[in-house]
Amino acid sequence: MSDHLMKTYARQPIAFTHGQGAWMWSTEGKKYLDGLAGIAVNGLGHNHPKLVKAIADQAARLIHTSNLYGVVEQQTLATKLCQLSGMQEAFFCNSGAEANEAAIKLAKHYGYKKGIENAQIIVMERAWHGRTLATLAATDSPKAKVGFGELPGGFVRVPYKDFAAIEAAAKANPDIQAVLLEVLQGEGGINVAETEYLQQLRALCTAKGWLLMIDEVQSGIGRTGKWFGYQHAGIVPDVITLAKGLGSGVPIGACLAAGPAAGVFTPGTHGTTFGGGPLVCAAAIATLDIMAEEGLLARADELGNLIRGILGRELSGVEGVRDIRGRGLMIGVELSKPCAELVAIARDHGLIINVTRDNVVRLLPPLVMTNQDAEMLATELVPLIKAFLKNTA
């Protein structure tokens, strides 16, 4: 690895040269089954011909102009996303952290316009929203916050999926103006919010005049079997944030707004140089079109059921396996002990996986994987988990 890179990552001792579908090849020529999709980014897998063509064609026409001018591809993408999500307007940026930063600013400005100088936002335990100073403050990761001093305030943290705690916070703090949460926590350990809880939140936010803001950075763009995770609960939030799978590997984020959140931002209140450029928007448009054409939402649901079914059957009753959970192709296997070493063990066996929250094996594979790929991922992972638990007992 280069000595000129900042040491911001504990990189694994591997690099990849190319991929095809749900498979990647390393610089050593070894083939790997991708169970992570670049951390829920490569929903279309690797080297999808229609995506590659869309990116190449756009690169040959126009890559960047800035937001000083109209961007045709940006306008097209905004319309598509609003039609799919029930939102009214979109702001484009470059990452999930930037999308969540935009949502936080929007909530603060929403409160300001109502005469609240320092609007407060309810956030959740085990949440992850990014590494900028504000999104890090909203995130529940003491380890990630070490060394950065006093972070921005304005956040009220409550236990995830505890509606009574939100009601209590509402009574204690009149400056609350928004709730920010993931409907399916990714970095927090693949924790799924129940439909009733989300519907209660929607009703409370409406009654209080708060913004319901849902972070769909990891769960959005079809990964759970619907375009957006909140759609499983039959609700429509006021703000949603997107990134990861939106551009299938090309960096793009989005903050979408509706209802009382629409129109809060005006010229000068927020902006970006690169966000929503022609190239990234062309990739996102192609991603949405391909997913619809190839029925990948239904495939995410089908493949997720297949993988969880195998894991559930083969790991049922195994000592040390606490839970198997998820939705669509966001899957977690919670163990009774830290299991970070399973990442290297799986890699040695040709599988790319991840461990989050110390003891949750996380699978986020491409939505284009075949049934055979899905079965292989699950069946080859099972004995590795069993052996790990036995050897570390």
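Just so it is clear, the structure is predicted and the values come from calculations on it, not from any experiment.
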Can we say Lys80 and Asp289 salt-bridge, meaning some charged N sits less than 4.0 Å from an Asp/Glu carboxylate O?
-> yes

Would you say Lys244's side chain and Gly96's backbone share a donor-acceptor pair under 3.5 angstrom?
-> no

Does the side chain of Met87 come within less than 4.5 Å of Val236's, by heavy atoms?
-> yes

According to a 4.5 Å side-chain heavy-atom criterion applied to Ile, Leu, Val, Met, Phe, Trp and Tyr, with indirect links allowed, do Met124 and Leu204 form part of one hydrophobic cluster?
-> yes

Gln58 side chain to Arg61 side chain, donor-acceptor N/O pair below 3.5 angstrom | yes

Decide side-chain hydrogen bond (donor to acceptor under 3.5 Å, both in side chains) for His232 and Thr224; before the verdict, give the C-alpha distance in whole Å, the side-chain angles of both, and the deciding distance to 0.1 Å.
-> CA-CA 9 Å; His232 290 279; Thr224 67; 3.0 Å; yes

Show your working on side-chain hydrogen bond (donor to acceptor under 3.5 Å, both in side chains) between Gln20 and Asn47 and close with a plain yes or no.
-> CA-CA 5 Å; Gln20 185 65 50; Asn47 195 31; 2.8 Å; yes

Kindly work out whether a path of hydrophobic side-chain contacts (I/L/V/M/F/W/Y, heavy atoms less than 4.5 Å apart) joins Ile353 to Met369.
-> yes

4.5 Å side-chain heavy-atom contact, Val333 and Leu315 = yes

With no hydrogens and no angle check, is any side-chain donor or acceptor of Tyr160 less than 3.5 Å from a backbone partner on Glu182?
-> yes

Between Ala107 and Leu211, what is the shortest heavy-atom contact and its length?
-> CA-CD1, 4.1 Å

Which value, rounded to the nearest 0.5 Å, describes the distance between His129 atom NE2 and Ile104 atom CD1?
-> 7.5 Å

Phe91 vs His270 aromatic rings, parallel, tilted or perpendicular, using cut-offs 30° and 60°?
-> tilted

Between the side chain of Arg308 and the main-chain N/O of Gly328, is any donor-acceptor distance below 3.5 Å?
-> yes

Once you round to the nearest 0.5 Å, how far does CD of Gln185 lie from CD1 of Ile190?
-> 9.5 Å

Member of Arg299, Arg223, Glu294 meeting the side-chain contact (heavy atoms from CB on, under 4.5 Å) criterion with Leu367 = Arg223

How far apart are the closest heavy atoms of Leu77 and Cys281, and which atoms are they?
-> CD2-SG, 3.9 Å

Where do Asp238 and Trp210 come nearest, in terms of heavy atoms and distance?
-> OD2-O, 3.6 Å

Check whether more than 12 heavy atoms from other residues, nucleotides or ligands sit under 6.0 Å from atom OH of Tyr197, and answer yes or no.
-> yes

Spell out, as yes or no, whether a donor-acceptor pair under 3.5 Å connects the side chain of Gln231 to the backbone of Phe228.
-> yes

What's the shortest heavy-atom distance between Ala169 and Ile122, and which atoms?
-> CB-CD1, 4.1 Å

Answer whether the closest heavy-atom distance between the side chains of Asn67 and Phe274 falls below 4.5 Å.
-> no

Can you give each donor-acceptor pair under 3.5 Å made by side-chain atoms of residues 385-393, sequence neighbours left out, with the distance rounded to 0.1 Å?
residue, atom, partner, partner atom, Å
Lys386, NZ, Glu314, O, 3.3
Asn391, ND2, Ala387, O, 3.1
Thr392, OG1, Lys337, NZ, 3.2
Thr392, OG1, Phe388, O, 2.6

Residues Ile166, Leu201; criterion side chain to side chain contact (heavy atoms under 4.5 Å, CB included); working and verdict = CA-CA 9 Å; Ile166 292 178; Leu201 276 183; 3.2 Å; yes

Should Met213 and Leu136 be regarded as members of a common hydrophobic cluster, given that ILVMFWY residues are connected when their side-chain heavy atoms come within less than 4.5 Å of each other, either directly or indirectly?
-> no

Of all heavy-atom pairs between Gln120 and Asn173, which one has the smallest distance, and what is that distance?
-> CG-ND2, 3.5 Å

Which heavy-atom pair separates Ala144 from Arg131 by the least distance, and what is that distance?
-> CB-NH1, 4.1 Å

Do Thr76 and Glu73 meet the criterion of a side-chain donor-acceptor pair at a distance under 3.5 Å?
-> no

Looking only at atom types and distance, does a side-chain atom of Glu89 sit under 3.5 Å from a main-chain N or O of Gly263, one as donor and one as acceptor?
-> yes

Distance only, no hydrogens: is a donor on one side chain within 3.5 Å (strictly under) of an acceptor on the other, for Thr17 and Thr27?
-> no

Answer yes or no: is there a side-chain heavy-atom contact under 4.5 Å between Val217 and Trp128?
-> no

Heavy-atom side-chain proximity of Leu311 to Leu363 below 4.5 angstrom | yes

Please examine the side chains of Phe92 and Val71, heavy atoms only from C-beta on, and report whether any two atoms are closer than 4.5 Å.
-> no

Is the shortest heavy-atom distance from the side chain of Leu36 to the side chain of Pro365 under 4.5 Å?
-> no

Hey, what do you get for CG (Leu184) to CE (Met330), rounding to the nearest 0.5 Å?
-> 4.5 Å

Is it true that Arg325 and Glu334 make a salt bridge, defined as a side-chain N closer than 4.0 Å to a carboxylate O?
-> yes

Do other residues, nucleotides or ligands put more than 12 heavy atoms under 6.0 Å from the CD atom of Glu167?
-> yes

State, without any angle test, whether Thr241 and Asn100 hold a side-chain donor-acceptor pair at a distance under 3.5 Å.
-> yes

Leu212 and side-chain contact (heavy atoms from CB on, under 4.5 Å): which partner among Ile240, Leu198, Val239, Leu181?
-> Leu181

Any donor-acceptor pair under 3.5 Å from Lys161 side chain to Asn191 backbone = no

How many angstroms lie between atom OG of Ser26 and atom CD of Gln12, to the nearest 0.5 angstrom?
-> 12.0 Å

Looking only at atom types and distance, does a side-chain atom of Arg126 sit under 3.5 Å from a main-chain N or O of Gly189, one as donor and one as acceptor?
-> no

Output yes when a side-chain donor or acceptor of Asp140 lies under 3.5 Å from a complementary backbone atom of Ala127, and no otherwise.
-> no

Could you tell me whether a side-chain N or O of Arg202 sits under 3.5 Å from a main-chain N or O of Ile235, the two making a donor and an acceptor?
-> no

Answer yes when Glu293 and Lys50 have at least one side-chain N-carboxylate O distance shorter than 4.0 Å, and no when they do not.
-> yes

Supply the atom-to-atom distance Leu5 CG to Thr8 OG1, rounded to the nearest 0.5 angstrom.
-> 8.0 Å

Supply the atom-to-atom distance Leu180 CG to Thr139 OG1, rounded to the nearest 0.5 angstrom.
-> 9.0 Å

Would you kindly confirm whether Ile285 and Leu279 end up in one hydrophobic cluster when ILVMFWY residues are joined by side chain heavy atoms under 4.5 Å apart?
-> yes

Exceeds 12 heavy-atom contacts within 6.0 angstrom, atom NZ of Lys114 = yes

State plainly whether one hydrophobic cluster holds both Trp227 and Leu329, where clusters connect Ile, Leu, Val, Met, Phe, Trp and Tyr through side-chain heavy atoms under 4.5 angstrom apart.
-> yes

Run the numbers on Leu44 and Ile290 for side chain to side chain contact (heavy atoms under 4.5 Å, CB included), then give the verdict.
-> CA-CA 8 Å; Leu44 299 182; Ile290 293 165; 3.8 Å; yes

Check for a donor-acceptor pair, side chain of Gln177 on one end and backbone N or O of Ile121 on the other, with a separation under 3.5 Å.
-> no

Heavy-atom distance under 4.5 Å between the side chains of Pro278 and Ile63, does that happen here?
-> no

